[in-house]
Number of protein chains: 2
Amino acid sequence: MPYHSGMTTSAAERDLRGAAVRVTKQRVAVLDAVRRHPHADADTIIADVRGELGRVSTQAVYDVLHALDEMGLVRRVAPAGSPARYDPRVGDNHHHLVCRRCGRMVDVDCATGAAPCLEPVAAQGFSVTEAEVIFWGYCPDCQSKGPAPAG
Amino acid sequence: MPYHSGMTTSAAERDLRGAAVRVTKQRVAVLDAVRRHPHADADTIIADVRGELGRVSTQAVYDVLHALDEMGLVRRVAPAGSPARYDPRVGDNHHHLVCRRCGRMVDVDCATGAAPCLEPVAAQGFSVTEAEVIFWGYCPDCQSKGPAPAG
DNA sequence: GCATAAAATGGAATTGTTCCAGTTAACGAA
DNA sequence: TTCGTTAACTGGAACAATTCCATTTTATGC
Ligand SMILES: [Mn+2]
Ligand SMILES: [Mn+2]
Ligand SMILES: [Zn+2]
Ligand SMILES: [Zn+2]
């Protein structure tokens with residue numbers, strides 16, 4: 001049975017068709033999950049997708065996340081000390097603010113807009129395509145609590 | 001036999017004593033290795049230290065690297081998709097240029113000097129302590145070769 | 001409806017790192 | 001200089017996140 005057997009066409013599904021790739025229920029569910037949980041890690045996405053579809057392999061979710069990243073529908077962000085996060089906001093070149101205590105990640109707009117938004121002082125012969133900026137600090141909730149990592 | 005049994009006092013040893021921690025041959029060797037191989041990963045450091053001392057446990061090297069990081073004698077840098085690198089250049093807040101193909105990492109001076117060297121456009125209540133900037137691109141050697149990852 | 005290639009599955013394997021319980025050794029005190 | 005304390009090291013197992021692989025399923029074009 002092909003995926004599209006009658007139900008309404010979702011935004012995720014339209015975006016996948018727009019990318020000219022096969023539309024599977026796993027892909028639709030993963031893309032929806034990323035959009036529902038911005039900056040979530042793979043475990044969160046897997047749990048959400050299983051809640052939606054029932055049995056789905058871990059590998060399928062990883063494959064889909066990679067595919068979506070490559071087709072530009074999600075953006076993989078990997079802050080130090082954390083599993084990769086998946087960001088539904090694509091097409092601009094915004095940056096991130098990450099809490100050292102709880103790991104919360106929020107968007108920070110880029111002042112310049114286009115990548116790379118910064119020029120290295122001396123590029124040493126490198127051709128630079130991107131400036132990845134992560135601001136580290138403490139989120140509002142964690143400023144009151146001690147600086148210990150989240151349990 | 002205590003570590004310091006007659007040989008000349010190295011810079012690494014002096015720096016460790018300055019940090020008021022026990023001076024062990026493993027710590028001296030790891031700090032020397034990081035200084036000899038800037039931005040090397042743990043495997044490289046482990047190999048170098050074993051060449052220097054003979055049998056040393058993997059765990060000891062990881063422990064030492066953490067300790068050195070905490071005491072501010074080395075800086076741990078973790079670019080996406082690569083094991084952590086260890087940087088002997090500390091005390092300033094420089095940034096890095098990383099090659100997408102071969103992983104080479106070189107220093108980029110920070111224009112402003114002090115951390116955080118950038119202000120997020122809107123901090124959303126976060127207290128920001130650091131702006132980590134990684135410039136991604138292709139190193140001089142890799143610009144000629146194809147964009148495939150190093151094998 | 002059928003063929004085909006792309007995608008999903010299940011399970012094992014890898015990588016980088018950490019945990020743990022027991023042993024060793026650095027160093028301050030005697 | 002020896003001794004006791006405790007930090008540091010060892011070996012080995014465990015772990016988390018991710019990837020590899022062979023097989024099966026399924027979306028899509030004809
Ligand atoms: Mn984002
Ligand atoms: Mn550096
Ligand atoms: Zn927080
Ligand atoms: Zn390169």
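First the proteins, then the strands, lettered A, B, ... as listed; each starts at 1. Nothing here was measured: the structure is a model prediction, and the numbers come from that model.
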Take the protein atom [atom1] of [X] and the nucleotide atom [atom2] of [N], then report the distance between them rounded to whole Å.
X       : N      : atom1 : atom2 : answer
A:Leu16 : C:dA6  : CG    : C1'   : 14 Å
B:Leu65 : D:dA8  : CG    : P     : 14 Å
A:Asp69 : D:dT19 : CG    : P     : 11 Å
B:Tyr62 : D:dG12 : OH    : P     : 18 Å
A:Glu70 : C:dA7  : CD    : C1'   : 14 Å
B:Arg50 : D:dC9  : CZ    : C1'   : 12 Å
A:Asp63 : D:dT26 : CG    : C1'   : 15 Å
A:Ile46 : D:dT18 : CD1   : P     : 9 Å

Counting side-chain heavy atoms from CB outward, which of [options] is closest to [X]?
X       : options               : value
A:Thr24 : C:dA25, D:dT10, C:dA7 : C:dA7
B:Arg22 : D:dT5, D:dT18, C:dT9  : D:dT5
B:Ala60 : C:dT9, C:dC27, D:dT10 : D:dT10
A:Gln26 : D:dT18, C:dT9, C:dT17 : C:dT9
B:Thr58 : C:dC27, C:dA8, C:dT17 : C:dT17
B:Gln59 : D:dT5, D:dT19, C:dC19 : C:dC19
A:His66 : C:dG10, D:dT19, D:dC9 : D:dT19
B:Asp43 : C:dG16, C:dT17, C:dA8 : C:dG16

I want to confirm an ordering. Mapping B:Arg76 and B:Val21 to their closest nucleotides on DNA chain C, which one lands closer to the 5' end?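 Closer to the 5' end of DNA chain C: B:Arg76.
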Looking at A:His94 and A:Asp107, would you say the former's side chain and the latter's main chain have a donor-acceptor pair under 3.5 Å?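 Flag not set: sc A:His94 to bb A:Asp107 has no pair under 3.5 Å.
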B:Arg27 or B:Arg55, whichever maps to the more 5' nucleotide of DNA chain D: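 Between the two, 5'-proximity favours B:Arg27.
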Examine the side chains of B:Thr58 and B:Arg50 and answer whether a donor and an acceptor come within less than 3.5 Å of each other.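 Yes, because at least one side-chain N or O of B:Thr58 sits under 3.5 Å from a partner of the opposite role on B:Arg50.
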Would you classify [X] as touching base, sugar-phosphate or nothing, given that sugar-phosphate means primed atoms plus P, OP1 and OP2, and contacts are heavy atoms under 4.0 Å?
X       : answer
A:Asp41 : nothing
B:Arg85 : nothing
B:Ala67 : nothing

Can you tell if the side chain of A:Asp32 reaches within under 4.5 Å of the side chain of A:Glu52, non-hydrogen atoms only?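 A side-chain contact is absent here, since even the closest heavy-atom pair is not under 4.5 Å.
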Between B:Val30 and B:Ile45, is a side chain to side chain contact (heavy atoms under 4.5 Å, CB included) present by the stated rule, with each step listed? CA-CA 7 Å; B:Val30 169; B:Ile45 303 300; 4.1 Å; yes
If you draw a 6.0 Å radius around CD in B:Gln124, do more than 12 non-hydrogen atoms from other residues or ligands fall strictly inside?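 Yes, enclosed.
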Do A:Phe126 and B:Trp136 sit in the same hydrophobic cluster, where Ile, Leu, Val, Met, Phe, Trp and Tyr count as joined when their side-chain heavy atoms come under 4.5 Å apart?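 They do not share one cluster, since no chain of ILVMFWY contacts under 4.5 Å joins A:Phe126 to B:Trp136.
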